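The block underneath contains the structure these notes are about, expressed in structure tokens.
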Amino acid sequence: MKVYPDAKKALEGLESGMSVMSGGFGLCGNPEACIKALAESDIKDLTVISNNCGNAGKGLASLLQNRQVRKVICSFIGGNPDLAQQYLAGEIEVELNPQGTLAERIRAGGAGLGGFFTPTGVGTPVAEGKESREIDGRTYIFEKPLKADFAMVRAAVGDKFGNLRFYRTSRNFNPIMAMAARVTVAEVDKLVEVGELDPDDIHLPGLFVNRIFQAEHENPIEHRTVREA
Amino acid sequence: MKVYPDAKKALEGLESGMSVMSGGFGLCGNPEACIKALAESDIKDLTVISNNCGNAGKGLASLLQNRQVRKVICSFIGGNPDLAQQYLAGEIEVELNPQGTLAERIRAGGAGLGGFFTPTGVGTPVAEGKESREIDGRTYIFEKPLKADFAMVRAAVGDKFGNLRFYRTSRNFNPIMAMAARVTVAEVDKLVEVGELDPDDIHLPGLFVNRIFQAEHENPIEHRTVREA
Amino acid sequence: MSWSKAEQARRAGAELKDGDIVNLGIGLPTEVANYIPEGISVMFHSENGLLGMGPFPTEAELDPQIINAGKQTVTYVDGASMFDSSLSFAMIRGGHVDVAILGGLEVAQNGDLANWMIPGKMVTGMGGAMDLANGAKKTLVLQTHVSKHGESKLMQKLSLPPTALKCVNRVITELGVFDCKGDHFLCIELAPGVTREEATQHTHGDLRFASSVN
Amino acid sequence: MSWSKAEQARRAGAELKDGDIVNLGIGLPTEVANYIPEGISVMFHSENGLLGMGPFPTEAELDPQIINAGKQTVTYVDGASMFDSSLSFAMIRGGHVDVAILGGLEVAQNGDLANWMIPGKMVTGMGGAMDLANGAKKTLVLQTHVSKHGESKLMQKLSLPPTALKCVNRVITELGVFDCKGDHFLCIELAPGVTREEATQHTHGDLRFASSVN
């Protein structure tokens, strides 16, 4: 019942004005099929939560080019001319979070916590407007959880119950985002039957995944660095 | 350099008055060799952090019988006559935490957070003396991180860098405790060479483990429940 | 006449929907696993770190390292996963468990639950009960309607220390099925042969009856 | 005379101890991986979720799904592990990374670091820099001693928005090695041919010299 034929069907219910988490780090481990389906839709005014928001015109940058994004919550916007241009023109809102704070806020959202104190950002612009507190001799700032209407994540293998297994550094933000959304959509390189994955080999238990489909992935490279053999 | 010959050597530096986290749930996934080595030592006045503190005379109960424990931080003390007796006699301090709060406090300790807000325990004796706060319409209480001088954890397989892989429900508190101690000692059913575990198959990265040794485990059963074949 | 323990468990089983993630407390709630309605498939969560708990093992299947939160040896089903305690309670606290079926000492009409301690008696600890009562999307309580001393356990206000506030949706006792409605209990079903008068007499809180109840 | 970039990187490599967990920032710090002293083995952490980063791949090894935090294709070594972003930053924030070697725009003598934004210029975001500067047990900064405009980047107080406060232990510039001592920098080594006068002239903060420095 969780299995969907494609990204378009799996994203049903995602409407203009909603918040969407999108896994991936740079262009690695992105939910490419979901992003493409969104880019082909007329959904707009999205709040996108992602470590980056595409790079060099690829990944989520396609949504920026289409002006489908109202706000971005991320940690890094370098190497993204579409975002830079819209940001400088005041056409898009950008909320920068330290990467660890972004990850922890998403995990807190998924884990039902009301927020946490982190030492990261103390004394920096990140701390502005946030509660500061000394705990056992160290200063921390308060950060709130992040949740979203939809999460789009990508895994290497998934079973029909939604159990996921990631590959290498494509894991990144995908598992925690899957925990923090009202509806989590997973696209997998390979969809297998329930029972094919050993219980100890599952990176993300299937109860966090609402919809799953199989998709081919391009796996673009952002910086192709190689050495002599 | 992380590899030790046995529990006694691996626990060097653990002294009376220190705090010790001990993995396991009931008698499942306990660091049996470390507990035995502690029970054979003259170390006392320990603060033990563990979900249970032994059961029916087994596991950590051996330390209770030896009067080596000053304080227990745990979530459940049922089925443990040694603890019950010392607790009712006022000979031992017991701090009860909701199990999820205990787990999250340990994770927060390992993750460098200053504390978090949880809805668990609101309006109960657990909330007494703790800050209460309404966040986005729900009430939470503030809980602080837990750390320890030593953590004793048990895994199925470990490599010589300390990468660990757990087996079935023996995982429980072991990975998070390994993150939250000054010195983490891991005992494994099987010690393998570095490189034998695939990077995607590692449950706990080796940087959290300071010392590792191989040990045989009894795996006692607390409630042996079976059905007809 | 009233429901037996088995009938209570069966009635609780009827509350489950296909695809539900279900956590069963220690004691009578554990029995609900034997009464999953035909055609319904659920996944049992055990807070020690197992999703997809199966029945007790045969002698041949027995594995000391596969236990449930009651520390009983169990098995797992296809699609099961194992994980650490922080992720297990992230599932619970984060609202990813659909139904918790818990035992109760007292339930108040506003949904407050007491099920973890009786002052003056030996404390066993709350274990995962506070997280479960708070975190599950829906909390069902399976308990007796009155104590051994004949005192009602469906209260206007709790007399015992609470496990969690305003968390119980529905209580199933030997007398029937009762929803916590804030300022009253609403009886939506009575066990065969149990009268409205009998239920009212044994309920300390304010009790109303759905029109469908005989 | 002063150190070349490569010599700076080599000098930073000499700071590492056997068994260290090391995170290298983008830019010059990445080069330190090429200058690990003989007989020393370290594990490189990359905050996108990789411990045990290896060198760039050969064409045959190239895998688009193995990248570092600079989004460059890399390899992994024996003993490597992959994990999600929350665990990766639990490692950093929790003090499980021994050494972070970061680039810097300014360092103050009390250890404050600025390396993520210049007001009025395009902001790229802090990425993992704030977590790393705060969380690593030891933070080394590799940067130029003076800006293109000849202004010192070793400051009494930062002029740029900070990345983290009181976090830098040691700065390695083309002129030498400088420890952040609170109310002054302590020079513990000068590059060959660099004089105390030259270092003092180019340092905005208070500069003292260890007695071992020529």
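Note that the coordinates shown come from a computational prediction; the quantities given were computed from them, not determined experimentally.
Using a 4.5 Å cut-off between heavy atoms, T163(C) contacts chain B through its backbone alone, with no side-chain atom that close. Looking at E47(C), the atoms closer than 4.5 Å to chain B (heavy atoms on both sides) sit in the backbone and in the side chain alike. Of the two parts of E228(B), only the backbone, made up of N, CA, C and O, holds a non-hydrogen atom closer than 4.5 Å to a non-hydrogen atom of chain C. With a 4.5 angstrom heavy-atom cutoff, I176(B) touches chain C only via side-chain atoms. In this structure, chain C has a heavy atom under 4.5 Å from the backbone of N97(B), while its side chain stays farther away. Both the backbone and the side chain of P119(B) come within contact range of chain C, each with at least one heavy atom under 4.5 Å from a heavy atom of that chain. Heavy-atom distances place no part of S88(C) under 4.5 Å from chain B, backbone and side chain included. With a threshold of 4.5 angstrom between heavy atoms, I92(C) does not approach chain B through any atom at all. R138(B) touches chain C through its side chain: at least one heavy atom from C-beta onward sits under 4.5 Å away, while N, CA, C and O do not. Interface remark: N68(C) contributes backbone atoms only to the contact with chain B (heavy atom separation under 4.5 Å). At a 4.5 Å heavy-atom cutoff, the contact between A69(C) and chain B is made by backbone and side-chain atoms alike. Neither the backbone nor the side chain of A60(C) comes within contact range of chain B; no heavy atoms are under 4.5 Å apart. With a 4.5 Å cut-off on non-hydrogen atoms, T101(B) touches chain C through its backbone and its side chain both.
Smallest separation of non-hydrogen atoms from G123(B) and P162(C): O-CG, 3.0 Å. Shown here for C28(B) and P64(C), the closest heavy-atom pair between the two residues is SG-O, 3.9 Å. Heavy atoms only, all atoms of each residue included: I66(C) and T169(B) are closest at CA-OG1, 3.4 Å. Considering all non-hydrogen atoms of both residues, S170(B) and Q65(C) come closest at OG-OE1, 2.6 Å. The two residues S85(C) and F173(B) have their closest heavy-atom pair at OG-CD1, 3.1 Å. Between D131(C) and Q99(B), the shortest heavy-atom contact is OD2-N, 3.5 Å.
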Query raised in the report: Yes or no on side-chain contact (heavy atoms from CB on, under 4.5 Å) for K71(C) and N52(B), after CA distance, side-chain angles and deciding distance?
Result: CA-CA 11 Å; K71(C) 291 135 195 170; N52(B) 318 85; 3.0 Å; yes

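Rounded to the nearest 0.5 Å, atoms OG1 (T120(B)) and CZ (R93(C)) are 5.5 Å apart. The CZ atom of R171(B) sits 12.0 Å away from atom CG of N48(C), with the distance rounded to the nearest 0.5 Å. In this structure, the separation between OG1 on T124(C) and CD1 on I77(B) is 7.0 Å, given to the nearest 0.5 Å. Put simply, CE on M82(C) and CZ on F166(B) are 14.5 Å apart, with the number rounded to the nearest 0.5 Å. Here the CG atom belonging to L62(C) is positioned 5.0 Å from the CZ atom belonging to R224(B), to the nearest 0.5 angstrom.
Between chain C and the options V94(B), I106(B), T225(B), T118(B), heavy-atom pairs under 4.5 Å are most frequent for T225(B). Interface remark: of the candidates D112(C), V74(C), T75(C), D63(C), D63(C) forms the most heavy-atom pairs closer than 4.5 Å to chain B. Across G127(C), G125(C), G49(C), A90(C), the residue that shares the most heavy-atom pairs under 4.5 angstrom with chain B is G127(C). Annotation: maximal heavy-atom pairing with chain C below 4.5 Å, among A229(B), S75(B), A103(B), C74(B), occurs at S75(B).
In K166(C), the NZ atom is not crowded: 12 or fewer heavy atoms of neighbouring residues, nucleotides or ligands sit closer than 6.0 Å. Summarising the local packing, NZ of K130(B) is surrounded by more than 12 heavy atoms from other residues, nucleotides or ligands at distances under 6.0 Å.
R168(B) has its side chain within reach of Y76(C): a pair of non-hydrogen atoms, C-beta onward, lies under 4.5 Å apart. Between T73(C) and I221(B), the closest side-chain pair of non-hydrogen atoms falls below 4.5 Å. Put simply, the side chain of F89(C) does not reach to within 4.5 Å of the side chain of R107(B), judged on heavy atoms. A 4.5 Å side-chain heavy-atom check between S46(C) and F25(B) finds every atom pair outside the cut-off.
Salt-bridge annotation for E59(C) and R227(B): absent, with no side-chain N of the basic residue lying under 4.0 Å from a carboxylate O of the acidic one.
For S86(C) (side chain) and E104(B) (main-chain N/O), no donor-acceptor pair under 3.5 Å exists by modelled atom type.
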